[in-house]
Amino acid sequence: KTSTAPVEYLFDSDVRRLLHPHLPASITDRVIMVEGKGCRLVDSNGRSYLDATGGLWLAQIGHGREEMAEVAAAQMRKLEYFTCFWDFSNDQAIQLAERLAALAPPQIEQVFFTSGGSEGNDAAIKTARFFHYVKGEPKRTWILSRRTAYHGLAYGGGTATGYDDLAEGQGPHLPHVTHLTPPHPYRSSLFVGQDPTDFLVNELEDRIREIGPDNIAAMIGEPIMGVGGMVVPPADYWPRVQQVLRRHGILLIADEVVTAFGRTGSWFASPDVGMEPDIIVTAKGLTSGYIPLGAVLVSDRIGNAVRGFGDGYPVGYTYSGHPVACAIALKNLEIIEHDGLLAAARRTGDFMYQLAAPLASELDIVGEVRHAGMGLAFELVTDSLTRQALPQPNGSIADVIREETGVIVRVSSPTNLVLSPPLVMTQEQAATAVTAVASVLRRARSDGGL
Ligand code: PLP
């Protein structure tokens, strides 16, 4: 036993005390992690797992790196915290802002720090609306989003999130948010026989006309939908969407909480899909999960406008620019660069995809395999003709894979089995992960039975 507390106590106490996101109360099993090293995790029973989800899409540099602990301890000894409100600042936040401005696409120049992705999307929506307000267009409040988008679960970004079940029973969400069709070519029935991009651009133009272009602040979108199932849009989607937005003075917010910092093989994915966003939201891979931190990156046009009005930028959190978090992010980015993890993500991601792709022709329940860098999704369907979502067995296929093989994968969106391993994963480990998935999928029936 590797945990310090008795295992029975941990299990009982977890069930009694901890509210877990998206866990039905009927499930009283727990996997209580107590240690991590590289791509491996150990639970409180001493069982070892291969982490093929990188936690939640974020453990770019792998678990348990000594140098991260050293950086955190050194920064805590020097200055554990002071605020970045008003005229206060700290050297770590300043250096990280410089580093991010250097890594980000050229139009991005200024940085606001948050503690995660949900907070970042809230801040981005506020920033977009406030930008128009200070520019004398206070009616520009609408936000365009997409169904099956994931922008976190706070009320702002959470309203932009495109899953109805995640909003159920929580009263009114943010007003003035509307959802468009996602650019998911495999789901061809969405496009009623038209070219997907033609359909989506027409829908966008129609929606803008209905709401009134002068009432719209911004469109928010993930360059590649992560939770939606690594949905890589058609190559002309973002360039054409952006053209329409520009014509109407609507800002573009890229939610790069999943895609940035190497997940897709680049520092940022938006340039790779033809987006030139005014605002980029990041979190997750910024620290590889060693500490909570997010960053909202904006162009000078936006930053100068929102800081130049009245008493200044009206968004701020106690932990904005936390010096320990920023020191850890700086070290994390240094490791990603020094260890060549962007190239590794492309290389290992391609390798994983080559192993996984044949399952689409071998198994009727695998409709499509998609990937970008170290993000891989199996679209699970009852059969490749109707493309209906495969019913999940009690729990989910991911639970079965974990129990039987010790490989951690996830079901998302809810028809996709997704892998998003640490970027340091070896080819041997990647092969183990894909083989584990394949072994269970080969047994799965179209009624969801195993
Ligand atoms: N945006 C995207 C694209 C995400 O995938 C997530 C989380 O998975 C979020 C935002 C929310 O980030 P957080 O959970 O850090 O609030």
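Whatever order the structure lists them in is the order used to number ligands and atoms, beginning at 1.
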**Request:** Indicate yes or no: at least one non-hydrogen side-chain atom of L180 is less than 4.5 angstrom from one of L200.
**Result:** no
**Request:** Report yes if the side chains of L56 and K284 come closer than 4.5 Å at any heavy-atom pair, otherwise no.
**Result:** yes
**Message:** Has T348 got a side-chain atom pairing as donor or acceptor with A344's backbone, closer than 3.5 angstrom?
**Reply:** yes
How far is [atom] from its nearest protein heavy atom, and which residue and atom is that?
atom	value
atom 14 (O) of ligand 1	S118 OG, 4.2 Å
atom 2 (C) of ligand 1	Y150 O, 3.2 Å
atom 8 (O) of ligand 1	K284 NZ, 2.9 Å
atom 1 (N) of ligand 1	D255 OD2, 2.7 Å
atom 5 (O) of ligand 1	V258 CG2, 3.2 Å
atom 12 (O) of ligand 1	G117 CA, 3.3 Å

**Fill in**
In ligand 1, the atoms that come under 4.0 Å of a heavy atom of N121 are 1 (N), 10 (C)
**Request:** Number the atoms of ligand 1 from 1 as they appear, then name those within less than 4.0 Å of a heavy atom of E222, with their elements.
**Result:** 3 (C)
**Salt-bridge criterion met for D164 and R147 (N-O under 4.0 Å)** =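 R147 and D164: not salt-bridged.
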**Message:** Between D43 and R402, does any NZ, NE, NH1 or NH2 come within less than 4.0 Å of an OD or OE carboxylate oxygen?
**Reply:**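 Here R402 does not pair with D43 in a salt bridge, since their nearest N and O are not under 4.0 Å apart.
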**K331: partners by side chain to side chain contact (heavy atoms under 4.5 Å, CB included), with sequence neighbours left out** = E67, M68, V71, E334, I335
**Message:** Test of understanding: with side-chain hydrogen bond (donor to acceptor under 3.5 Å, both in side chains), list the residues that count as partners of R40, not counting sequence neighbours.
**Reply:** S48
**Item:** Proximity of H151 to ligand 1 by residue part, where a heavy atom lies under 4.0 Å
**Value:** backbone
